[in-house]
Amino acid sequence: MQADIFCRVVDNYGDIGVCWRLARRLAHDFRWDVRLWVDDLASFARIQPGIDALSPRQRHGGVDIVHWSDAPDPALTARDVVIEAFACDPPAAFVDSMHRTHPAWINLEYLSAEPWVESCHGLPSQRPDGLVKHFFFPGFTPATGGLLREPGLSAERDALQTSVPRQESFLRSIGVPDDALLLRRNGARTVSLFCYPAAPAPALVQALAADPRASVLLAPQGVAPGLDAACQAPGAPRLVRLPFVAQPDFDRLLWCADINFVRGEDSFVRAAWAARPLVWQIYPQDENIHLEKLEAWLARYPAPESAQALIRAWNQPETGLTASAVAAALAPAGWQAWAAAARQWDASQAALPDLAENLAGFCADLAKKR
Ligand code: TRH
């Protein structure tokens, strides 16, 4: 298959994060010839070292990367498959070329746990110009498009999670200093934090400071700027600021933590694959509709009530409940149940076909009907 993936970076790193992961998966594991069109190479370069933010065309990781500019190269026309991420509208001249080749045209939607997704997944949409676009919904059930997950991920994760020396050597390689590694070795809890500015991070620090077990808090540079001051308090976690790392290293970072605070879409899915407790900060939307989406996921996530209460508190900082919810969720009974639930969540989701497998099958079926 020859495919074009279109990615418009709306904000943050989730749009390019998902598209880059999908592009590599299709190129490596399915041997597709993938062209990835990206309008914001600077954001791309932040999560993938080696990307040249100024280059109109480059190859990286087996994928042909095209800077999606206002004047796209007219020689780049549609081939077998066109995937537009999150309804980003491919350029008009490219769409014109689809009238000649009739590719499978997919609109890859945002992830949601809401039940209606099952009935919309895979539906065609006929356009006035005669072209047909298909909606492809990621999701958590067999009737959806699934989640991105690479083969061999669990084995790689387990090898790291069962070896403290390997964890230390990895963490050292991304900039975790020896004193923080020593704290971990002596029993400190490792907490990773990737959140939006509204997250009640100081309340998390306050709760960790009050906990008898010490903590090491790993956070990317620039995320939750209030942390640096909050972590000066007596008993506060040892804060380590890390640079943005490439996606495979971000996975390893999540695997090394006892609990991961993640956000958006892609880091949320990657934290599930860590098989450790996760706290999701959902991307905020107008009129709090994101809270309905959060509840739809919580209804599927098998964590105990104390963990669910913490996740709700984390997403509604105005309630002021985060510090007490952290303390309750970390208390031994709830914590053990949460750790078991996280393993169960990983195993049940990993047992389903992944998004790339589903997508490749879906495109092959469409190609047969062409
Ligand atoms: O950056 P995000 O907040 O992206 C968001 C969401 O996707 C949201 O749903 C969407 O509407 C909005 O973008 C436009 O969070 P997310 O989805 O977790 O994406 C972050 C990506 O960055 C993910 O692919 C992991 C990657 N990453 C690294 O590769 N290295 C790092 O060090 C860090 C911190 C992140």
Side-chain angles (χ1 to χ4, degrees), residues 5-25 36 38-51 60-61 84-88 107-114 117 137-139 147-150 153 170-171 173-176 191-199 201 217-225 227 240-257 260-274 278-286 289-294 296-297 314-315 355-356:
I5 301 178
F6 287 89
C7 176
R8 221 181 257 292
V9 176
V10 178
D11 62 3
N12 304 322
Y13 305 98
D15 307 288
I16 184 57
V18 169
C19 292
W20 180 224
R21 195 179 292 291
L22 175 64
R24 279 180 299 150
R25 175 102 167 88
L36 173 60
V38 186
D39 69 339
D40 175 359
L41 291 173
S43 294
F44 193 179
R46 186 113 195 253
I47 61 160
Q48 181 55 62
I51 292 295
H60 197 99
E84 60 168 300
F86 317 125
C88 70
N107 177 22
L108 176 64
E109 287 285 352
Y110 286 113
L111 174 62
S112 170
E114 293 163 296
V117 163
F137 280 87
L147 303 171
L148 275 172
R149 182 184 168 104
E150 299 77 14
L153 199 71
F170 163 69
L171 289 169
S173 77
I174 60 166
V176 178
V191 180
S192 91
L193 176 67
F194 181 44
C195 62
Y196 296 118
L217 181 55
L218 307 175
Q221 279 153 9
V223 166
L227 278 183
V240 178
R241 288 288 188 183
L242 295 171
F244 264 61
V245 293
Q247 283 181 331
D249 278 347
F250 185 65
D251 279 347
R252 293 182 187 107
L253 172 62
L254 299 174
W255 301 344
C256 287
N260 291 300
F261 287 73
V262 284
R263 73 186 202 188
E265 177 161 331
D266 192 54
S267 60
F268 165 53
V269 173
R270 305 317 286 186
W273 303 147
L278 75 91
V279 176
W280 181 30
Q281 187 180 18
I282 189 168
Y283 186 78
Q285 287 177 282
D286 291 342
I289 51 174
H290 59 288
L291 294 180
E292 283 167 35
K293 294 184 181 173
L294 179 70
W297 175 67
W314 187 248
N315 281 280
L355 186 142

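Order of listing sets the numbers, starting from 1, for every ligand and every atom in it. If you read the sequence from its start, that first residue is 1, and numbering goes on from there.
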Set of ring-ring contact (aromatic ring centres under 6.0 Å, His included) partners for F6, sequence neighbours left out: W37, W68, F94
Counterpart residues, side chain to side chain donor-acceptor pair (under 3.5 Å), relative to Y283 (two or more places apart): D11
Between CG on residue L254 and CZ on residue R270, distance to nearest 0.5 Å: 8.5 Å
Results of side chain to side chain contact (heavy atoms under 4.5 Å, CB included) for A199 - residues two or more places apart only: C195, Q281, W314
Atom-level proximity to ligand 1, residues with heavy atom under 4.0 Å: D11, N12, Y13, G14, D15, G17, I47, Y110, F194, Y196, P220, F244, V245, A246, Q247, F250, R263, G264, E265, D266, S267, Y283
Minimum heavy-atom distance A356-R25, with the two atoms named: CB-CG, 3.3 Å
Salt bridge flag under 4.0 Å for residues R8 and E84: no
